[in-house]
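Since the structure comes first, as structure tokens, the remarks are kept for the end.
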Amino acid sequence: MPQEILLAEPRGFCAGVDRAIEIVERALAKFGRPIYVRHEIVHNTYVVNDLKERGAIFIEELDDVPPGATLVFSAHGVSQAIQREAERRGFQIFDATCPLVTKVHVEVAKLHKEGYEFIMIGHKGHPEVEGTMGQLESGIHLVEDVADVARIQPGQTDKLAVVTQTTLSVDDAAEITDAVVARFPLIKKPKMQDICYATQNRQDAVKVMSPQVDIVIVVGSPTSSNSNRLREVAKKLGTDSFMVDNADELKPEWFEGRSRVGLTAGASAPEILVKAVIDRIKALGAVSVRKMDGIEETVKFPLPKGLKLDA
């Protein structure tokens with residue numbers, strides 16, 4: 001049974017998730033309940049349920065928001081159509097879109113004005129992808145894997161740019177980007193990669209940790225893209241890996257014959273869940289917890305105006 005837990009560093013909340021949750025918390029404190037949030041503020045069951053108990057109501061359709069209500073857009077961003085419709089209805093809006101997602105939106109809008117079409121690398125149906133593709137009415141084409149690259153037919157190739165979902169596997173995105181460049185050699189790539197620093201840092205930590213352990217546990221909800229990618233990174237390195245929403249989902253048989261456990265958490269998973277998983281693994285026999293050396297993240301994003309609380 002497990003003897004040691006190796007904790008990845010960094011893990012858990014990133015600056016964009018911290019900011020998004022704080023926006024909802026401050027809106028509740030300043031304006032009272034209920035506060036409406038379009039889509040899950042971040043993809044974590046514990047966080048969403050906690051905010052529900054405090055007065056947040058999560059909706060998918062603007063028809064479910066009453067007139068005059070306060071509305072928060074989730075960290076994943078929204079399309080231009082949703083933005084315009086919410087403004088037309090007169091809601092008090094606070095945008096919790098991660099600034100790194102907003103950066104991609106701004107780049108798309110800027111290049112579109114210069115006549116560019118886009119290839120977007122991402123997962124169909126993910127709210128971030130829908131939000132980014134929804135910045136334009138046309139001229140943005142989604143690819144999910146290398147095979148998709150051969151199938152897309154942009155309207156023109158003289159001005160073509162590539163953007164990516166911010167929470168992809170760094171290695172997978174690089175492979176797909178290489179296929180895109182091979183087919184469209186003159187395509188414009190971002191000045192800086194779109195995959196966010198937190199996604200990159202957590203994947204890098206798992207790459208360092210995986211060869212040192214017998215099993216990797218990722219704390220994260222099934223809907224969390226970056227959490228799923230962490231599990232995949234470990235698996236590709238040959239280390240058995242499992243993702244759990246909470247400690248109750250751990251299965252004792254996973255740890256049989258495995259003395260060292262690697263533990264990390266997706267960017268939307270709070271540390272309270274990690275601590276509960278540590279306690280559960282200790283109950284199975286682990287006697288020590290060791291934190292890896294890793295990057296210390298100091299990024300902090302400003303809040304939208306209008307959420308300052310009285311002293």
Do Glu117 and His141 meet the criterion of a side-chain donor-acceptor pair at a distance under 3.5 Å?
yes

Would you say the side chain of Arg38 lies within less than 4.5 Å of the side chain of Ile82, judging by non-hydrogen atoms?
yes

What verdict does the side chain to side chain contact (heavy atoms under 4.5 Å, CB included) test give for Phe184 and Ile152, after you've listed the backbone C-alpha separation in whole Å, the side-chain angles of each residue and the deciding distance to 0.1 Å?
CA-CA 11 Å; Phe184 306 107; Ile152 55 170; 4.0 Å; yes

Tell me the closest heavy-atom pair linking Leu111 and Ala161, and the distance in Å.
CD1-CB, 3.8 Å

Flag side-chain contact, heavy atom, 4.5 Å: Ser210 against Val233
no

From Leu303 atom CG to Lys308 atom NZ, the distance as rounded to the nearest 0.5 Å
12.0 Å

Would you check, one step at a time, whether the test salt bridge (charged side-chain N to carboxylate O under 4.0 Å, His left out) holds for Lys103 with Asp194?
CA-CA 8 Å; Lys103 176 183 78 71; Asp194 292 333; 3.6 Å; yes

Taking side chain as C-beta onward, heavy atoms only, is Ile140 less than 4.5 Å from Gln135?
no

Establish whether Ile215 and Val274 are linked, either directly or via other cluster members, by ILVMFWY side-chain heavy-atom contacts under 4.5 Å.
yes

Residue pair Pro190 / Val162, side-chain heavy-atom distance below 4.5 Å
yes

Please report the C-alpha distance between Asp171 and Arg229 in whole Å, then the side-chain angles of each, then the deciding distance to 0.1 Å, and finally whether the salt bridge (charged side-chain N to carboxylate O under 4.0 Å, His left out) criterion is met.
CA-CA 10 Å; Asp171 294 338; Arg229 304 296 80 78; over 6 Å; no

Check the surroundings of atom CD in Glu296: do more than 12 heavy atoms from other residues, nucleotides or ligands lie under 6.0 Å from it?
no

For Asp293 and Glu9, run side chain to side chain contact (heavy atoms under 4.5 Å, CB included): C-alpha distance rounded to whole Å, both residues' side-chain angles, the deciding distance at 0.1 Å, then the answer.
CA-CA 6 Å; Asp293 292 332; Glu9 189 69 30; over 6 Å; no

Could you tell me whether His105 atom NE2 has more than 12 heavy atoms of other residues or ligands within 6.0 Å of it?
yes

Using the rule that two of Ile, Leu, Val, Met, Phe, Trp, Tyr join whenever any of their side-chain heavy atoms come within less than 4.5 Å, decide whether Val17 and Val48 are in one cluster.
yes

Looking only at side chains, do Glu128 and Thr166 share a donor and an acceptor under 3.5 Å apart?
yes

So, do Ile272 and Tyr46 sit near enough that their side-chain heavy atoms are less than 4.5 Å apart?
yes

Evaluate the salt bridge (charged side-chain N to carboxylate O under 4.0 Å, His left out) criterion for residues Lys124 and Asp148: first the C-alpha distance (whole Å), next the side-chain angles of each, then the deciding distance (0.1 Å), finally the verdict.
CA-CA 12 Å; Lys124 185 177 182 180; Asp148 283 345; over 6 Å; no

Is there a donor in the side chain of Thr97 and an acceptor in the side chain of His76, or the other way round, less than 3.5 Å apart?
no

Are the side chain of Arg258 and the backbone of Pro2 linked by a donor-acceptor contact shorter than 3.5 Å?
no

Ring geometry between His43 and His39 (parallel below 30°, tilted from 30 to 60°, perpendicular above 60°):
perpendicular

Linking I/L/V/M/F/W/Y whenever any side-chain heavy atoms sit under 4.5 Å apart, do Leu307 and Leu51 land together?
yes

As an exercise, state the distance from CZ of Arg231 to OG of Ser169, rounded to the nearest 0.5 Å.
12.0 Å

From CD1 (Ile187) to OH (Tyr116), nearest 0.5 Å:
10.0 Å

Among the clusters formed by ILVMFWY side chains lying less than 4.5 Å apart, do Val277 and Met292 turn up in the same one?
no

Taking side chain as C-beta onward, heavy atoms only, is Ile176 less than 4.5 Å from Val149?
yes

Begin with the C-alpha distance, continue with both residues' side-chain angles, and end with the deciding distance and a verdict on side chain to side chain contact (heavy atoms under 4.5 Å, CB included) for Lys300 and Asp18.
CA-CA 9 Å; Lys300 186 167 179 61; Asp18 269 331; 5.9 Å; no

Check the pair Arg290, Glu4 against salt bridge (charged side-chain N to carboxylate O under 4.0 Å, His left out), reporting the backbone distance first and the verdict last.
CA-CA 8 Å; Arg290 180 165 61 90; Glu4 182 182 41; 3.2 Å; yes

Is Val129 close to Met120 at the side-chain level, that is, under 4.5 Å between some pair of heavy atoms?
yes

If you compare all heavy atoms of Ala86 against all heavy atoms of Leu62, which two are closest, and at what distance to 0.1 Å?
N-CD1, 3.7 Å

Heavy atoms of other groups near Lys188 NZ, more than 12 under 6.0 Å:
no

Could you tell me whether Lys282 atom NZ has more than 12 heavy atoms of other residues or ligands within 6.0 Å of it?
no

Do Val170 and Tyr197 sit in the same hydrophobic cluster, where Ile, Leu, Val, Met, Phe, Trp and Tyr count as joined when their side-chain heavy atoms come under 4.5 Å apart?
no

For Trp254, the option from Ile217, Val261, Asp240, Leu284 that meets side-chain contact (heavy atoms from CB on, under 4.5 Å)
Ile217

Checking side chain to side chain donor-acceptor pair (under 3.5 Å) for the pair Ser221/Thr45: CA distance, chi angles, key distance, verdict?
CA-CA 6 Å; Ser221 293; Thr45 306; 3.3 Å; yes

Say you draw a straight line from CD of Glu130 to CG of Leu142; how long is it, rounded to the nearest 0.5 Å?
10.0 Å

Just checking, is any N or O donor in the side chain of Gln3 or Ser259 under 3.5 Å from an acceptor N or O on the other one?
no

Output yes when Lys235 and Glu232 qualify as a salt bridge under the 4.0 Å nitrogen-oxygen rule, no when they do not.
no

If we check side-chain contact (heavy atoms from CB on, under 4.5 Å) with Glu25, which of these qualifies: Ile23, Ile21, Leu28?
Ile21

Can you confirm whether Glu114 is buried at CD, in the sense that more than 12 heavy atoms of other residues, nucleotides or ligands lie under 6.0 Å from that atom?
yes

Would you check if Asp245 and Pro222 make a side-chain contact, meaning some heavy-atom pair closer than 4.5 Å?
yes

Is there a side chain to side chain contact (heavy atoms under 4.5 Å, CB included) between Phe242 and Leu250 once you walk through the steps?
CA-CA 9 Å; Phe242 300 90; Leu250 293 170; over 6 Å; no

Minimal non-hydrogen separation, Ser268 against Phe13, with atom names:
O-CE1, 3.4 Å

Just wondering, more than 12 heavy atoms not from Gln156 lying within 6.0 Å of its CD?
yes

